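Have a look at the structure below before the remarks.
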Protein chains: 2
Amino acid sequence: MQIDAVDQRIIALLVADARASYADIGTRVSLSAPAVKRRVDRLRSAGVIRGFTAIVDPASVGWTTEAFVELFCAGRTTPAQIGAAVRRHPEVVGAYTVSGEADALVHLRAADIAHLEEALERLRAETFVTSSRSTIVLSRLVESPGVGPSTG
Amino acid sequence: MQIDAVDQRIIALLVADARASYADIGTRVSLSAPAVKRRVDRLRSAGVIRGFTAIVDPASVGWTTEAFVELFCAGRTTPAQIGAAVRRHPEVVGAYTVSGEADALVHLRAADIAHLEEALERLRAETFVTSSRSTIVLSRLVESPGVGPSTG
DNA sequence: TGTGAAACGATTAAATG
DNA sequence: CATTTAATCGTTTCACA
């Protein structure tokens with residue numbers, strides 16, 4: 001899809017505040033509210049903007065424990081298989097196939113260590129998992145929403 | 001802070017759609033729009049809800065390359081120091097201090113391999129970094145916004 | 001904390017340049 | 001593709017239970 005400079009600025013404004021009004025965004029990008037709406041609708045239907053979400057402090061809702069788990073998988077395991085499997089576990093907040101020793105890296109979030117351990121056992125019980133290596137998160141230093149930096 | 005069951009449901013609805021109207025949320029939780037607004041305002045000022053953001057497809061805006069970098073730091077490096085340093089790099093979308101061999105895990109997102117390499121060099125140039133180990137992301141299988149699972 | 005009323009502002013479709 | 005108009009709908013404050 002074609003994204004021009006104005007789209008970029010609209011995206012950046014929505015990443016910064018997903019509840020900003022079209023009129024507000026319009027004044028910042030020198031466009032009328034309907035024009036902004038049409039662009040946002042187009043960006044949404046094109047899949048550039050996937051949705052809008054609230055950023056919640058995990059500790060406030062009782063999920064205080066995090067870990068990254070490297071997964072070592074059986075010879076002929078496909079990324080799709082890994083993806084389908086990890087999506088079944090609600091504790092998985094991120095998962096990636098990676099280069100290097102491990103085959104996949106899974107980001108877990110749980111209520112506490114006991115919950116994390118339980119989730120880990122469930123994950124390791126997936127048939128294609130041959131072994132795993134876990135790293136507990138001690139503190140969160142940065143966690144950006146959206147695409148990251150300038151959205152460009 | 002005190003979070004009751006209604007707050008939980010409001011949070012879940014906002015994680016699902018940050019642009020939902022207070023009236024809409026109100027009908028789903030059996031509350032008037034002003035009541036919902038007051039709760040959301042309270043959750044925001046208490047830091048439970050940190051903000052609202054758009055979820056953008058990174059590929060659509062040209063950031064297609066990702067990596068996780070384990071950072072090994074000099075003896076007396078504090079998490080605050082690491083946090084302050086990594087926040088200066090716009091490619092950093094996540095950073096955590098961790099247990100295990102490495103001291104920190106940094107999640108990077110860049111336009112391409114060249115950009116990633118450049119960001120990596122900048123990161124490794126931080127005075128407290130003694131060594132690093134990078135893992136390139138081959139594919140993204142899962143990436144949940146918000147707090148993760150049920151927000152409860 | 002909750003509600004309803006009321007003023008204000010935002011959204012959205014239609015018509016038009 | 002943008003704009004203006006105009007009806008509709010959402011937001012937000014206020015008085016009150």
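Throughout, protein chains are lettered first and strands after them, A, B, ... in sequence-line order, and every chain is numbered starting at 1. All values derive from a computational prediction rather than experimental measurement.
- Applying the side chain to side chain donor-acceptor pair (under 3.5 Å) test to every pair with at least one member in residues 26-47 of chain A, sequence neighbours left out, gives these pairs: A:Asp4-A:Arg39, A:Asp7-A:Arg39, A:Asp7-A:Arg42, A:Lys37-A:Asp41.
- Taking five base pairs at each end of the helix from C:dT1-D:dA17 to C:dG17-D:dC1, the local helix axes there meet at an angle of 30°, rounded to 10°.
- When the C1' atom of D:dT11 is taken as reference, atom CZ of B:Arg44 falls 15 Å away, rounded to whole Å.
- Panel note: side chain B:Thr97, backbone B:Pro79; no donor-acceptor pair is recorded below 3.5 Å.
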Nucleotide N/O to protein N/O under 3.5 Å, stretch nucleotides 10-17 of chain C:
{"residue": "C:dT11", "atom": "OP1", "partner": "A:Tyr22", "partner atom": "N", "Å": "3.4"}
{"residue": "C:dT11", "atom": "OP2", "partner": "A:Tyr22", "partner atom": "N", "Å": "2.8"}
{"residue": "C:dT11", "atom": "OP2", "partner": "A:Ala23", "partner atom": "N", "Å": "3.3"}

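- When the P atom of D:dG10 is taken as reference, atom CD1 of B:Ile25 falls 12 Å away, rounded to whole Å.
- Looking at B:Gln81, its side chain does come within 3.5 Å of a backbone N or O of B:Thr78 through a donor-acceptor pair.
- Cation-pi contact between B:Arg19 and A:Phe52: present, with separation from the ring centre below 6.0 Å and deviation from the ring axis of at most 45°.
- Between the side chain of B:Arg133 and the backbone N or O of B:Phe68 there is no donor-acceptor pair closer than 3.5 Å.
- Separating the CZ atom of A:Arg39 from the P atom of D:dT3 is a distance of 9 Å, rounded to the nearest angstrom.
- B:Ser32 has no side-chain polar atom (N or O) that falls below the 4.0 Å cut-off from OP1 or OP2 of C:dG2.
- Under the 4.0 Å criterion applied to side-chain N and carboxylate O atoms, A:Arg109 and A:Glu66 are assigned as salt-bridge partners.
- A donor and an acceptor atom, one from each side chain of B:His107 and B:Glu91, are nowhere located under 3.5 Å apart.
- Within the 3.5 Å criterion, the main-chain N or O of B:Cys73 finds a donor-acceptor partner in the side chain of B:Asp103.
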